[in-house]
Number of protein chains: 2
Amino acid sequence: MPVPKGATLDPARTREAILESATALLYERGLDGIGVAELCAAVGASKETLYRHFGSKDGLIEAVLENRSRRVLAWIADAAASAGAAPKARLTAVFRALATWYAAPGFRGCAIVNAAAQRHTSPATPIAARHLAGYLDLFTDIARATGVPEPEALGRQFLVLLQGATVVADHLAAPEAADTALSAALTLLEAAREPRP
Amino acid sequence: MPVPKGATLDPARTREAILESATALLYERGLDGIGVAELCAAVGASKETLYRHFGSKDGLIEAVLENRSRRVLAWIADAAASAGAAPKARLTAVFRALATWYAAPGFRGCAIVNAAAQRHTSPATPIAARHLAGYLDLFTDIARATGVPEPEALGRQFLVLLQGATVVADHLAAPEAADTALSAALTLLEAAREPRP
DNA sequence: GTGAGATCGAACCGCTCGGTTCCATCATGG
DNA sequence: CCATGATGGAACCGAGCGGTTCGATCTCAC
C-alpha cells in the first residue's frame with residue numbers, strides 16, 4: 001500500500017529519517033557492505049523516495065558524511081567550550097569525550113576517515129580533509145590560548161594524537177587510547193609552555 | 001593459448017607475482033574497488049590460477065595483508081636497528097622513514113588499517129590488531145631502553161603518534177605530519193626521562 | 001473538494017560481481 | 001618419453017548491484 005493510512009507526509013522529516021538510518025548502517029557495514037535495496041528496507045522507505053531525496057547512492061553517502069562531520073565537530077567543540085577557558089581543561093574535556101565514544105558499543109573508528117579509506121575519491125576525500133581541518137582549528141585555538149610561541153605546531157600535534165588515538169582504540173579495541181593521547185597532549189602543552197634548555 | 005611457449009613454469013613464483021600485483025592494486029583501488037576479473041587481467045594470470053593459489057578473493061586479501069604487514073614491520077624495524085642503540089636516534093630513524101613513505105607518490109595511508117576500515121571483520125581485523133601490536137613492541141623496546149619508569153605507557157604514546165601521523169599525512173596530504181609526530185615523540189621522551197615537579 | 005505531490009511496492013533493466021568449469025596447450029620431473 | 005600438472009582463455013552461473021519506471025494510494029495545501 002503506497003502511503004500508509006495514518007502517515008504524516010513530511011518530506012523534510014523523511015529525508016532526515018533516511019539520513020539517520022543510513023548513517024548508522026553505512027558506518028557499521030561499510031560503504032560497499034550494504035546495498036541500496038537493503039538500506040531502503042531497513043530505513044522503511046522505498047527506493048523511489050530515497051532516489052528522489054538523494055539522487056544516487058553516492059549522493060546519499062555525501063549527505064551522510066557531511067552531516068556526520070558537522071555533528072561530530074560540533075559535539076567536540078561543545079565539549080571543549082563547556083569546560084571553560086583554561087587550555088588544559090578544554091583539552092581534557094575533548095579527550096574525555098573521545099574516551100566515551102571509543103568505549104561505546106559499536107565503535108568502529110571515525111566514520112569520515114573510514115569512508116575516505118574505502119573510496120579515496122570525491123566526495124569522501126574532500127570531506128575528510130575538511131573534517132580534519134575542523135579539528136585542527138579547534139586545537140590551534142586551544143594552543144593559541146596557552147600563549148606558546150608556535151600554536152600551529154602544537155595544534156598539529158594534538159590533531160595527530162586525536163587521529164592516532166581513534167585508530168588505536170578501534171583496531172586494538174583499546175578505549176584507553178584516549179587517556180594515552182590526553183596525557184601526551186598535556187605533556188606536550190607543558191613542554192611548549194616551558195621549553196627545556 | 002594456455003601456457004605461453006617459452007614460459008618458465010614455477011608455481012611459487014607465479015603465486016608471488018600475483019601477490020605483488022594484487023597488493024598494489026588493492027591498495028590503490030580499495031578492496032571492493034576492483035574485481036577478480038580485472039585483477040587477473042592486470043596480473044596477467046587466469047582466474048583458475050588465482051583461485052588455485054588463494055582459494056577465494058578473501059584468501060587473496062588475507063595473503064596480501066599478511067605479507068604487507070610483515071614487510072612493513074620489518075622495514076620499520078630495520079630503520080630503527082640501523083640507527084644504533086640510542087633511543088632518540090632510533091625514534092628519529094623510524095619517523096624519518098615514515099616521512100619518505102608519506103611523501104611517496106601514490107601514498108594512501110596504511111594498507112592494513114585501510115583494509116580493516118573497509119571490512120571490519122576477519123581476516124582484516126585480526127591482522128590489523130597484530131600489525132599495531134608489532135609497532136607497539138618496537139616502540140616499547142625503544143621506551144624501555146631509555147630507562148623511564150613506565151616504558152609501556154611511553155610506547156603506547158609513540159604508537160598513537162605513528163597512527164595519527166599516517167592518517168593526517170593521508171587525508172590532509174601533509175607528509176610533514178611525520179615531523180610533527182617526531183618532535184612530539186622526542187618531547188615526550190624527554191619529559192618521561194625527567195618528569196616535572 | 002480538488003489537484004499536486006509524496007510515498008510504497010513491485011517489477012524491471014543492464015551490468016558486474018565472485019566463483020566454477022572445461023579444454024587445449026605446454027613445461028617439467030621421473 | 002610419457003604422465004603429471006600448471007596455465008590461459010573463454011564460456012558460464014546465480015546473485016546482487018545501482019538505478020528506473022509505473023501505478024495505486026494516500027496527505028495536504030489551497
Side-chain angles (χ1 to χ4, degrees), chain A residues 1-23 25-26 28-65 115 118-119 121-124, chain B residues 1-23 25-26 28-65 115 118-119 121-124:
Chain A
M1 324 114 215
V3 180
K5 313 156 207 181
T8 159
L9 225 44
D10 183 344
R13 200 179 306 256
T14 301
R15 196 191 134 99
E16 217 58 31
I18 296 177
L19 213 51
E20 202 74 21
S21 216
T23 297
L25 284 178
L26 290 173
E28 81 175 64
R29 302 268 295 264
L31 302 188
D32 295 315
I34 186 169
V36 175
E38 192 182 348
L39 217 37
C40 287
V43 166
S46 70
K47 278 180 150 195
E48 182 166 351
T49 300
L50 190 150
Y51 277 96
R52 185 157 22 82
H53 280 299
F54 300 98
S56 66
K57 190 185 183 183
D58 263 26
L60 172 64
I61 289 174
E62 180 172 358
V64 162
L65 295 181
Q118 297 171 63
R119 318 224 164 156
T121 57
S122 200
Chain B
M1 323 116 211
V3 180
K5 313 157 209 181
T8 158
L9 223 45
D10 183 344
R13 201 179 304 258
T14 300
R15 196 191 134 98
E16 215 59 30
I18 296 177
L19 213 52
E20 203 74 21
S21 215
T23 297
L25 284 177
L26 290 173
E28 80 175 65
R29 302 268 296 264
L31 301 188
D32 295 315
I34 186 168
V36 175
E38 193 182 349
L39 218 37
C40 286
V43 166
S46 69
K47 278 180 148 194
E48 182 164 350
T49 300
L50 191 150
Y51 275 95
R52 186 156 21 81
H53 280 300
F54 300 99
S56 66
K57 190 186 183 182
D58 263 26
L60 172 64
I61 289 173
E62 178 172 358
V64 161
L65 294 182
Q118 298 172 63
R119 317 221 164 161
T121 57
S122 199

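Any value given below was found using the heavy atoms of this structure, including those in side chains, with hydrogens, waters and symmetry copies removed. Note that this is a predicted model, so its numbers are computed, not measured. So you know, we letter chains A, B, ... as the sequences are listed, proteins then strands, and number each from 1.
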Checklist entry - Which residue pairs pass the side chain to side chain donor-acceptor pair (under 3.5 Å) test when at least one of the two sits in residues 39-48 of chain B, sequence neighbours left out? => result B:S46-B:T49

Item to check | Qualifying side chain to side chain donor-acceptor pair (under 3.5 Å) pairs with a residue from residues 50-61 of chain A, counting only residues at least two apart or across chains | outcome: A:D58-A:R119

Checklist entry - Are the side chains of A:R15 and A:F54 in touch, meaning some heavy atoms are under 4.5 Å apart? => result yes

Checklist entry - Rounded to the Å, how far apart are B:L39 CG and C:dT16 C1'? => result 15 Å

Next on the checklist: Applying side chain to side chain contact (heavy atoms under 4.5 Å, CB included), can you list everything that pairs with B:E20, at least two apart in sequence or on another chain?
Outcome noted: B:R71

Checklist entry - Using a heavy-atom distance cut-off of less than 4.0 Å, which residues of residues 28-38 of chain A contact DNA chain C? => result none

Item to check | OP1 or OP2 of C:dT7 under 4.0 Å from side-chain N/O of A:T14 | outcome: yes

Item to check | Spacing between A:R119 atom CZ and D:dG18 atom C1', to the nearest angstrom | outcome: 11 Å

Checklist outcome for this item: side chain to side chain contact (heavy atoms under 4.5 Å, CB included) filter on B:E38, not counting sequence neighbours, yields B:R29, B:I34

Checklist entry - For the atom pair CG (A:L25) and CG (A:L39), what is the distance rounded to the nearest 0.5 Å? => result 6.0 Å

Checklist entry - Distance-only, no hydrogens or angles: does the B:Q118 side chain make a donor-acceptor pair with backbone N or O of B:L31 under 3.5 Å? => result yes

Checklist entry - Rounded to whole angstroms, how far apart are CD on B:E62 and P on C:dG18? => result 17 Å

Item to check | Between OG1 on residue B:T14 and CG on residue B:L19, distance to nearest 0.5 Å | outcome: 12.0 Å

Every protein N/O within reach of nucleotides 28-30 of chain C N/O, cut-off under 3.5 Å:
none

Next on the checklist: When you compare the side chain of A:L65 with that of A:L26, does any pair of heavy atoms fall below 4.5 Å?
Outcome noted: no

Item to check | Pairing residues for B:S21 by the side chain to side chain contact (heavy atoms under 4.5 Å, CB included) criterion, not counting sequence neighbours | outcome: B:V43

Checklist outcome for this item: Per the under-4.0 Å heavy-atom filter, residues of residues 40-54 of chain B near DNA chain C come out as B:K47, B:E48, B:Y51

